[in-house]
Visitor: 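Take this structure, written in structure tokens, and hold onto it; I'll ask about it next.
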Amino acid sequence: MTVTLADVAARAQVSPATVSRVLNGNYPVAAATRERVLKAVDDLDYVLNGPASALAAATSDLVGVLVNDIADPFFGIMASAVQSEIVGPGGRAGGERLAVVCNTGGSPERELTYLTLLQRQRAAAVVLTGGAIEDEAHVAAVAGKLRRLAEAGTRVVLCGRPPVPETDAAALTFDNRGGAMELTRHLLDLGHRRIGYVAGPQERTTTRDRLEGHRAALAEAGVTESDGLVAHGPYDRGAGYAATAELLRSEPELTAVVAANDTMALGACAALREAGLRIPEDVSVAGFDDLPFSVDAVPALTTVRLPLADAAARAGRIAMGREAEPAGGVDVVRGELMVRGSTGAPRGA
């Protein structure tokens, strides 16, 4: 049932006029009253009518693109590719949409807030990129937001993100587990057995899938992994550096380091060099994603190439209704192993 302004007023124990003043921001309201009204809005998930231009049709010309960190090339590439597919013919006015990139900073609260704001603005489409947070309550909250967006006529597409249960959102998921298995198999085939793993944040699906793939390859080869061979951290260079330094302290005999993404791999390389170790003569290093700088690293980084731009461009076309959704609503996008100079046989092999 649709929540009305009167419902919010009843919950906040104020008049509908007071609710309107708080939401429009055009009249002074006591701070305590304002907080009561805003809490009622959140509790009831009330959606304020967007601009009058948006109300003239079922949806507006706005397309929301949710990213974890726009400064991360992984998300920048995808956001740019989505935007390239939502313009009108020749980029002329009248056919294009307005792309709004929403930077969540990895915050589940910000993600939910942006979804609410996009619903209020009657967004034509919403594309959510990258891994999801593994928290049952948050997943349920996201599912509720996506259902309400779809009910309002907004197309919702997930890119590089697992399907959201109990929604009809189309999903282009990355085969993180399969790519990680292939990467670790490559190191095992070279003769490595003491392989350190620099993992991402524990609460993210991408972290789980890539670590599961790594461990599956080890188990397949009969290699037992000790607790000291895995370290977690954010998906950035500093975390890669710190995690690799930690691995070297706990397992000084390791011969290879696998990082959960290429940015972390750069940090791993820096930590190894600072410890007086050569790459790959002393320790091999591998990453994931094949971001643009990977081939220019010294030595060039062995990694798994994900077709980030192609997948995101396809997500943009699906969001605009210019390409059909995948059969069954889900398509698995596979990566490609890129073997370069940062991996080699272990010492003495």
Side-chain angles (χ1 to χ4, degrees), residues 62-86 97-119 123-135 138-139 141-143 145-146 149-150 154-164 167 169-176 179 200-201 203-210 234-236 260-263 288-292 304-320 323 325-326 329-335:
L62 185 149
V63 175
V65 184
L66 270 68
V67 302
N68 184 44
D69 180 6
I70 193 61
D72 184 335
F74 178 94
F75 292 101
I77 290 168
M78 288 199 288
S80 176
V82 170
Q83 186 168 9
S84 72
E85 294 294 333
I86 67 173
R97 305 279 186 166
L98 173 65
V100 176
V101 177
C102 305
N103 196 82
T104 69
S107 164
E109 292 79 14
R110 293 304 303 166
E111 182 171 74
L112 294 173
T113 297
Y114 281 131
L115 291 174
T116 298
L117 292 173
L118 290 167
Q119 184 187 356
V126 174
V127 180
L128 294 88
T129 65
I133 295 171
E134 294 200 296
D135 176 82
H138 181 67
V139 171
V142 169
K145 298 287 186 185
L146 299 190
L149 281 162
T154 300
R155 287 195 180 94
V156 179
V157 184
L158 313 174
C159 186
R161 185 172 180 134
V164 177
T167 73
L172 306 178
T173 69
F174 293 143
D175 183 18
N176 288 307
E203 70 276 8
R204 304 205 74 88
T205 54
T206 301
T207 299
R208 179 202 63 199
D209 292 342
R210 294 182 183 182
Y235 284 116
D236 58 39
N261 74 356
D262 294 338
T263 306
F288 206 108
D289 296 332
D290 196 27
L291 297 177
V304 174
R305 172 180 291 171
L306 290 179
L308 299 176
D310 289 346
R314 183 183 173 196
R317 292 192 296 273
I318 294 171
M320 292 297 95
E323 181 172 326
E325 294 184 2
V330 180
D331 196 9
V332 178
V333 179
R334 307 194 186 282

Visitor: Heavy atoms, side chains only, cut-off 4.5 Å: are L149 and V126 in contact?
Guide: yes
Visitor: Mind checking what makes side-chain hydrogen bond (donor to acceptor under 3.5 Å, both in side chains) contact with T205, not counting sequence neighbours?
Guide: none
Visitor: Kindly write out the residues that satisfy salt bridge (charged side-chain N to carboxylate O under 4.0 Å, His left out) with R208, not counting sequence neighbours, or none if the list is empty.
Guide: E134
Visitor: Can you list everything that forms a side-chain hydrogen bond (donor to acceptor under 3.5 Å, both in side chains) with D175? Sequence neighbours excluded, please.
Guide: R334
Visitor: Is the side chain of T207 donor-acceptor paired with the backbone N or O of E203 at a distance under 3.5 Å, no angle test?
Guide: no
Visitor: Within the 4.5 Å heavy-atom criterion, are F74 and L291 side-chain neighbours or not?
Guide: yes
Visitor: Has T173 got a side-chain atom pairing as donor or acceptor with P162's backbone, closer than 3.5 angstrom?
Guide: no
Visitor: For L117, enumerate each residue passing the side-chain contact (heavy atoms from CB on, under 4.5 Å) test, keeping only those at least two apart in sequence or located in another chain.
Guide: T113, Y114, R120
Visitor: Sequence neighbours left out, cut at 3.5 Å: what donor-acceptor pairs do the side chains of residues 305-317 make with other protein atoms?
Guide:
from, atom 1, to, atom 2, distance (Å)
R305, NE, D290, OD2, 2.6
R305, NH2, D290, OD2, 3.2
R314, NE, E323, OE2, 3.0
R314, NH1, D331, OD2, 2.7
R314, NH2, D331, OD2, 3.3
R317, NE, E323, OE1, 2.8
R317, NH2, E323, OE1, 3.2

Visitor: Do M320 and R97 have side chains that approach each other closer than 4.5 Å (heavy atoms only, starting at C-beta)?
Guide: yes
Visitor: Just by distance, do the side chain of N68 and the backbone of G106 share a donor-acceptor pair under 3.5 Å?
Guide: yes
Visitor: Between A99 and I86, which heavy-atom pair has the shortest distance, and what is it?
Guide: CB-CD1, 3.4 Å
Visitor: Among residues at least two apart in sequence or on other chains, which ones pass side-chain contact (heavy atoms from CB on, under 4.5 Å) with A143?
Guide: R147, V164, T167
Visitor: Can you name the side-chain contact (heavy atoms from CB on, under 4.5 Å) partners of A79, sequence neighbours left out?
Guide: V65, V67, I70, V101
Visitor: Please tell me if the side chains of V100 and V63 come closer than 4.5 Å, counting only heavy atoms from C-beta onward.
Guide: no
Visitor: With a 4.5 Å heavy-atom cut-off, do K145 and L118 have their side chains touching?
Guide: no
Visitor: Partners of D236 by salt bridge (charged side-chain N to carboxylate O under 4.0 Å, His left out), sequence neighbours excluded?
Guide: none
Visitor: What's the spacing between M78 CE and Q83 CD if we round to 0.5 Å?
Guide: 14.5 Å
Visitor: If you compare all heavy atoms of A169 against all heavy atoms of L158, which two are closest, and at what distance to 0.1 Å?
Guide: CB-CG, 4.3 Å
Visitor: For Y235 and T206, does a side-chain donor sit closer than 3.5 Å to a side-chain acceptor?
Guide: no
Visitor: Only counting residues at least two apart or in another chain, list the ones meeting side-chain contact (heavy atoms from CB on, under 4.5 Å) with V139.
Guide: P165
Visitor: Using every non-hydrogen atom in the two residues, find where V304 and G335 come nearest and quote the distance to one decimal.
Guide: CG1-CA, 4.1 Å
Visitor: Using side-chain hydrogen bond (donor to acceptor under 3.5 Å, both in side chains) as the criterion, list what pairs up with D262, not counting sequence neighbours.
Guide: S294, T303
Visitor: Would you say the side chain of R204 lies within less than 4.5 Å of the side chain of I133, judging by non-hydrogen atoms?
Guide: yes
Visitor: Enumerate the salt bridge (charged side-chain N to carboxylate O under 4.0 Å, His left out) contacts for residues 103-119, please, sequence neighbours excluded, ordered by first and then second residue.
Guide: E111-R161
Visitor: Using a 4.5 Å cut-off on heavy atoms from C-beta on, say whether the side chain of L146 contacts that of L128.
Guide: yes
Visitor: Rounded to the nearest 0.5 Å, how far apart are CZ of F75 and CG of L66?
Guide: 10.5 Å
